[in-house]
Number of protein chains: 2
Amino acid sequence: MSTLNKDSYLPYYLQIKDILKERIMNKAYHVNMLIPSENDLCGEFHVTRATIRNALNELKKEGLIYTAKGKGSIVSPPKIEQSLLKFYSFGREFSDTNETIVSKFLNKAVIGASPAISRKLNTKPNTEVFEIIRVRIFNDLPLILETSYIPVHIAPDMLENNMEEESIYDLLESKYGVKIVKAKEYIEPQVSNDYESKYLDIVYHSPVFYTERISLTYGEKPIELRKSIIRGDKFKFYTELY
Amino acid sequence: MSTLNKDSYLPYYLQIKDILKERIMNKAYHVNMLIPSENDLCGEFHVTRATIRNALNELKKEGLIYTAKGKGSIVSPPKIEQSLLKFYSFGREFSDTNETIVSKFLNKAVIGASPAISRKLNTKPNTEVFEIIRVRIFNDLPLILETSYIPVHIAPDMLENNMEEESIYDLLESKYGVKIVKAKEYIEPQVSNDYESKYLDIVYHSPVFYTERISLTYGEKPIELRKSIIRGDKFKFYTELY
DNA sequence: GAGTGGTCTAGACCACACC
DNA sequence: GTGTGGTCTAGACCACTCA
């Protein structure tokens, strides 16, 4: 049972949106869960359905929920984990079904952060960070080479976990109580170096997308820097304009 | 005065959206124009304001209009002409103000379309097409190398126009009555070849974005194929995720 | 002050999902 | 059949823009 601030400069529907968003972030409404029906929410907040629908529409626009007619509103899986797959549409080699995605770990270590890395993670230079390097393999094809940097003090014994089975973000949240709530991502064209070419099974100096993602927890605090090299021959960005 | 199809499987608000969209495409509602107020539209379509607002919301989502409180709903400028500038945020070298954008023409010719080009333009192989090559120069820095292909029969004496002064899309519309209503754009990473490197003033084999845009008129009919090479050292794609 | 979009109430009927 | 989101009606008051 929640009450709205009648005197807030924020309209009801935005206040409700914020409350529901908070519940999603808190996992009070967890992923793939049906949230309370529009009528239930009307009861809880003492507003009409139009107001609730306005709030839910905002959440839809942000991609936090989606609706299923006859069923209800459902919490979307976080976009962060699969952003690349949404930004790029696969080439013809792939269909949406029968995909297998496998991770192969190339390295897990503790290193001193370089100036560039510590700046992006907002830590002191040379702070200890985990360096985790993986190849993401889709249907037996190595497509993405990912390097993650996470300050050791965030998740001290992280490397002892079985990371093959659980996503890094899930691990950070379940074992270390660190929730990723936002991410910034940059994409540039690049050419593959020796190392990247080898693990992505492409020729040296092939065109690739280079992406850098900084994942943040509450208060804009950086948690992870992830650099990815994505095969340019298999990924394409597509968009329609009017 | 328009009437809605009461038996259509399409709800009123989507029918209204389509009608309004058509008017925008037709320039019945032209760019930067205030469209009729919500109350006027209620009168025209004999529906309530909620339905009209629903329709306008769809148009907002597609970026065709935007709203100004106290004024009304306004037709947005087309996104097609400036898509690249919207997709990519400039590097630090640039500010939003004081930009100068110049085009330098490298070639204007009539050629026989290659199989790949004619396929994309949906014409017979070897159909005559204009090939127009330009360098786009921002603040004295060559950033984009653009090659346009347009079937000659679409705009027979096109090359006689002063294309330095008017955009190709404006020209196609004002002189030849061909309106671009939609575009599809693909983006890939690539490396610059000899020719591209020379005109973009970058070293051979530099990483670049390669984009292909197919501009369509009514009925999904292709009008222009535009291939662009964009300097990877100056353009970056940026996005935020939740 | 008249007109606009923004917000909200209080209802209604529908198609769809699930039991 | 019951509950859900999708659509729609018929009103209302507000803050804002502009003359």
**Prompt:** Is any side-chain nitrogen or oxygen of B/Thr48 closer than 4.0 Å to OP1 or OP2 of D/dG11?
**Reply:** no
According to a strict under-4.0 Å criterion, is A/Lys71 in side-chain N/O contact with OP1 or OP2 of D/dG3? no
Rounded to whole Å, the CZ-P distance (A/Arg49 to C/dC13) equals 14 Å
Against the side chain of A/Ser37, the closest entry in D/dT4, C/dC18, C/dG6 is D/dT4
Of A/Ala50 and B/Asp40, the one whose nearest nucleotide on DNA chain C sits closer to the 5' end is B/Asp40
Per atom distances to the A/Lys69 side chain, the nearest of D/dC8, C/dC8, C/dC16 is C/dC16
Taken to the nearest whole Å, CG/A/Leu10 to P/D/dA15 is 15 Å
Review point. Taking atom types as modelled and ignoring hydrogens, do the side chains of A/Tyr169 and A/Ser215 form a donor-acceptor contact shorter than 3.5 angstrom?
Key: yes
Separation of D/dT9 atom P from B/His46 atom NE2, nearest Å, is 12 Å
Considering only heavy side-chain atoms of A/Tyr13, the closest of C/dT7, C/dG5, D/dC8 is C/dT7
B/Asn57 CG to C/dG6 C1', in whole Å, measures 11 Å
In whole angstroms, the gap separating P of D/dC18 from CD1 of B/Ile74 amounts to 9 Å
Test item: side-chain donor near acceptor, A/Asn122 and A/Lys221, under 3.5 Å: no
**Asked** Parallel under 30°, tilted from 30 to 60°, perpendicular over 60°: which one fits the rings of B/Phe209 and A/Phe209?
**Response** tilted
A/Leu34 CG to C/dC18 P, in whole Å, measures 9 Å
Could you check whether A/Glu58 pairs with A/Lys21 (Lys NZ or Arg NE/NH1/NH2 to Asp/Glu carboxylate O, under 4.0 Å)? no
Problem set entry | N-O pairing of B/Lys184 and B/Glu212 below 4.0 Å | no
In whole angstroms, the gap separating P of C/dG6 from CD of A/Glu58 amounts to 12 Å
Which of D/dG5, C/dT9, D/dC18 is nearest the side chain of A/Tyr12? It is C/dT9
Among the nucleotides D/dG5, D/dC8, C/dT7, whichever has the atom closest to the side chain of B/Arg53 is C/dT7
Q. When we call it a touch if two heavy atoms are under 4.0 Å apart, what does B/Thr67 touch: a base, just sugar-phosphate, or nothing?
A. sugar-phosphate
Against the side chain of B/Glu38, the closest entry in C/dC13, C/dG5, C/dC8 is C/dG5
Whole-Å distance, B/Asn54 CG to D/dG6 C1', equals 9 Å
